[in-house]
Amino acid sequence: MSFLLPKLTSKKEVDQAIKSTAEKVLVLRFGRDEDPVCLQLDDILSKTSSDLSKMAAIYLVDVDQTPVYTHYFDISYIPSTVFFFNGQHMKVDYGSPDHTKFVGSFKTKQDFIDLIEVIYRGAMRGKLIVQSPIDPKNIPKYDLLYQDI
């Protein structure tokens, strides 16, 4: 399903998407097209993209082609999904130590739709961090690599 969503293949294209997406949530899925979990997430993103077209713009970003952003967002696990609104990085409290990105695939389309709606409404009210509406059971668990340093 990755072929149904637009891809950003360079730092310049990612920068342009961040700067030019106005009054919508910008969804950047960092990963690889051939990864099975990325394909699962891409399926959810592509099936919801038309329903969310008034609220969100969804792009796929290959981690190997944009090492600057991969390093900047500390993308150690793929897929990782990062959200922006009007050029501002939106953070989401998932009940995990990392609020900067969603790691893994969403369990259901509805989880993704609910998250986009919460980010959109929060951003329209000027919030930079919102509380995740996703059931904690549906949020993938992982350990931070730098936790014990």
Side-chain angles (χ1 to χ4, degrees), residues 1-33 35 37-136 138-142 144:
M1 288 296 170
S2 344
F3 60 89
L4 296 175
L5 294 166
K7 291 182 175 63
L8 303 176
T9 57
S10 68
K11 179 187 180 303
K12 184 177 182 180
E13 288 180 3
V14 175
D15 288 342
Q16 186 60 36
I18 292 169
K19 289 177 192 168
S20 65
T21 304
E23 301 304 313
K24 285 186 179 184
V25 176
L26 173 63
V27 180
L28 299 178
R29 190 280 283 150
F30 287 85
R32 291 186 182 95
D33 289 344
D35 182 77
V37 183
C38 289
L39 290 171
Q40 178 187 356
L41 176 58
D42 293 351
D43 184 47
I44 290 172
L45 298 179
S46 64
K47 286 179 179 174
T48 57
S49 64
S50 63
D51 296 337
L52 293 171
S53 63
K54 291 187 183 346
M55 265 191 277
I58 303 169
Y59 293 96
L60 308 180
V61 183
D62 190 300
V63 290
D64 299 319
Q65 294 177 334
T66 54
V68 171
Y69 279 110
T70 303
H71 181 72
Y72 181 76
F73 290 118
D74 190 30
I75 297 186
S76 313
Y77 298 108
I78 59 170
S80 289
T81 309
V82 180
F83 304 95
F84 287 86
F85 188 83
N86 289 344
Q88 191 75 19
H89 185 199
M90 294 297 295
K91 295 173 180 61
V92 182
D93 183 354
Y94 304 104
S96 68
D98 189 358
H99 302 322
T100 60
K101 60 189 170 287
F102 184 88
V103 177
S105 180
F106 296 95
K107 297 277 190 246
T108 66
K109 289 189 321 184
Q110 194 59 49
D111 282 347
F112 179 65
I113 291 169
D114 292 346
L115 181 60
I116 294 301
E117 287 177 350
V118 166
I119 293 171
Y120 181 78
R121 287 192 184 114
M124 292 301 278
R125 291 187 191 117
K127 294 183 177 182
L128 297 179
I129 185 166
V130 295
Q131 187 70 37
S132 171
I134 302 172
D135 185 334
N138 290 348
I139 296 176
K141 302 292 183 239
Y142 62 95
L144 293 177

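A quick note: this is a predicted structure, and the numbers were derived from the prediction, not measured.
Around atom NZ of Lys127, no more than 12 heavy atoms belonging to other residues, nucleotides or ligands sit under 6.0 Å away.
One N or O on the side chain of Asn86 and one on the backbone of Glu23 form a donor-acceptor pair closer than 3.5 Å. With hydrogens and angles ignored, the 3.5 Å screen pairs a side-chain donor or acceptor of Thr70 with a backbone N or O of Val63.
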Report the C-alpha separation of Tyr69 and Leu28 in whole Å, then their side-chain angles, then the decisive distance to 0.1 Å, and conclude whether the side-chain contact (heavy atoms from CB on, under 4.5 Å) test is met.
-> CA-CA 11 Å; Tyr69 279 110; Leu28 299 178; over 6 Å; no
Derivation and outcome, salt bridge (Lys or Arg N to Asp or Glu O under 4.0 Å), residues Asp62 and Lys7 = CA-CA 8 Å; Asp62 190 300; Lys7 291 182 175 63; over 6 Å; no
Derivation and outcome, side-chain contact (heavy atoms from CB on, under 4.5 Å), residues Leu60 and Leu45 = CA-CA 10 Å; Leu60 308 180; Leu45 298 179; 4.3 Å; yes
Evaluate the side-chain contact (heavy atoms from CB on, under 4.5 Å) criterion for residues Val37 and Ile78: first the C-alpha distance (whole Å), next the side-chain angles of each, then the deciding distance (0.1 Å), finally the verdict.
-> CA-CA 8 Å; Val37 183; Ile78 59 170; over 6 Å; no
Dump the intermediate steps for side-chain contact (heavy atoms from CB on, under 4.5 Å) on Leu26 and Ile18, then the final yes or no.
-> CA-CA 7 Å; Leu26 173 63; Ile18 292 169; 3.7 Å; yes
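Once rounded to the nearest 0.5 Å, the distance linking CD1 of Ile134 with CD of Gln110 reads 10.5 Å. In this structure, OG on Ser80 lies 8.5 Å from CZ on Phe30, to the nearest 0.5 angstrom. Within the model, atoms CZ of Phe102 and CG of Asp111 stand 7.5 Å from one another, a figure rounded to the nearest 0.5 Å. In this structure, NZ in Lys24 is found 9.5 Å from OH in Tyr120, a value given to the nearest 0.5 Å. Taken to the nearest 0.5 Å, the NZ atom of Lys109 stands 12.0 Å off from the CZ atom of Phe112. Distance check: Asp43 CG to Thr48 OG1 gives 9.5 Å after rounding to the nearest 0.5 Å.
Considering every non-hydrogen atom in both Met90 and Phe84, the closest pair reads CG-C, 4.0 Å. Minimum heavy-atom separation, Gln131 to Val118: O-CG1, 3.5 Å. Minimum heavy-atom separation, Thr66 to Ser10: CG2-C, 3.8 Å. Shown here for Ser105 and Ile44, the closest heavy-atom pair between the two residues is OG-CD1, 4.1 Å. Phe73 approaches Lys101 most closely through the heavy-atom pair O-NZ, 3.0 Å. Among all heavy-atom pairs drawn from Glu13 and Thr9, the shortest one is OE1-N, 2.7 Å.
Here the side chains of Pro133 and Leu115 are in contact, with some heavy-atom distance below 4.5 Å. Residues Tyr59 and Leu5 fail the side-chain proximity criterion, which asks for heavy atoms closer than 4.5 Å.
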